[in-house]
Trainee: 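What follows is a structure written as structure tokens; I'll ask about it next.
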Amino acid sequence: MPALRQLLPPRFFEDSAPDAAARGLLDVPVTAVKLTTGAPCDGHTELFAPWPGPEAHVREWFMLANGKAVGINEDPAGPWTFPVADAPGRSP
């Protein structure tokens with residue numbers, strides 16, 4: 001399994017605040033990549049799931065081995081953020 005640092009876009013390392021919650025999760029293995037938009041095709045419905053946090057502009061997010069989820073919040077009105085939430089189906 002790849003670590004979160006291997007899948008985040010370069011923008012994370014350029015723009016993210018040093019104290020961003022996701023920064024502490026960079027070495028945690030990613031167990032799944034999810035998309036929130038698009039039309040699932042037959043055989044690939046497992047790729048699509050709603051983002052479990054309140055942010056409205058997350059189109060791609062990562063489920064981590066520790067039960068957390070990290071999203072890429074592409075807010076058109078501000079800088080991108082990388083919110084952390086509890087992954088669905090996992091206890092906090």
Side-chain angles (χ1 to χ4, degrees):
M1 289 184 272
L4 180 61
R5 77 171 58 249
Q6 295 172 286
L7 299 178
L8 286 173
R11 183 175 269 192
F12 175 85
F13 301 98
E14 297 165 2
D15 296 342
S16 184
D19 60 343
R23 195 163 294 283
L25 301 171
L26 290 176
D27 294 317
V28 177
V30 173
T31 60
V33 177
K34 299 291 183 177
L35 302 172
T36 62
T37 60
C41 57
D42 290 341
H44 292 87
T45 57
E46 73 280 355
L47 293 174
F48 296 86
W51 165 243
E55 295 79 12
H57 301 286
V58 174
R59 294 185 301 148
E60 181 180 17
W61 58 279
F62 308 97
M63 290 182 71
L64 305 181
N66 67 354
K68 295 294 184 184
V70 175
I72 302 172
N73 186 36
E74 300 176 33
D75 188 345
W80 285 14
T81 58
F82 299 86
V84 176
D86 291 324
R90 303 290 299 252
S91 298

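Counting begins at 1 with the first residue of the sequence.
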Trainee: Look up atom CG in Asn66 and atom CG in Asp86, then write down how far apart they are to the nearest 0.5 Å.
Mentor: 9.5 Å
Trainee: Minimum heavy-atom separation for Val58 and Glu60, please, with both atom names.
Mentor: CG1-O, 3.4 Å
Trainee: Rounded to the nearest 0.5 Å, how far does CD of Gln6 lie from CG of Leu26?
Mentor: 10.5 Å
Trainee: Please report the C-alpha distance between Leu64 and Val70 in whole Å, then the side-chain angles of each, then the deciding distance to 0.1 Å, and finally whether the side chain to side chain contact (heavy atoms under 4.5 Å, CB included) criterion is met.
Mentor: CA-CA 8 Å; Leu64 305 181; Val70 175; 3.8 Å; yes
Trainee: Apply side chain to side chain contact (heavy atoms under 4.5 Å, CB included) to residues Leu35 and Arg59 and explain how you reach the verdict.
Mentor: CA-CA 6 Å; Leu35 302 172; Arg59 294 185 301 148; over 6 Å; no
Trainee: Is any side-chain heavy atom of Phe82 less than 4.5 Å from a side-chain heavy atom of Arg23?
Mentor: no
Trainee: Output all residues satisfying side-chain contact (heavy atoms from CB on, under 4.5 Å) with Leu7, sequence neighbours left out; order by chain, then residue number.
Mentor: Pro2, Val30, Val33, Phe62
Trainee: Please report the shortest heavy-atom distance between Pro9 and Ile72, naming the atom on each side.
Mentor: CD-CD1, 3.6 Å
Trainee: With a 3.5 Å distance limit and no angle check, can you tell me whether Lys34 reaches the backbone of Glu46 through a side-chain donor-acceptor pair?
Mentor: yes
Trainee: If you take all heavy atoms of Pro88 and Met63, which pair is closest and at what distance?
Mentor: O-CE, 4.2 Å
Trainee: Looking only at heavy atoms, what is the nearest atom pair of Trp51 and Pro83, with distance?
Mentor: CH2-O, 3.5 Å
Trainee: For Trp61 versus Ala49, what's the shortest heavy-atom pair and its separation?
Mentor: NE1-O, 3.2 Å
Trainee: In sequence, state the C-alpha distance, the side-chain angles, and the governing distance for Phe12 and Arg5, and then conclude on side chain to side chain contact (heavy atoms under 4.5 Å, CB included).
Mentor: CA-CA 9 Å; Phe12 175 85; Arg5 77 171 58 249; over 6 Å; no
Trainee: Can you name the closest pair of heavy atoms from Pro52 and Ala69 and give their distance?
Mentor: CG-CB, 4.1 Å
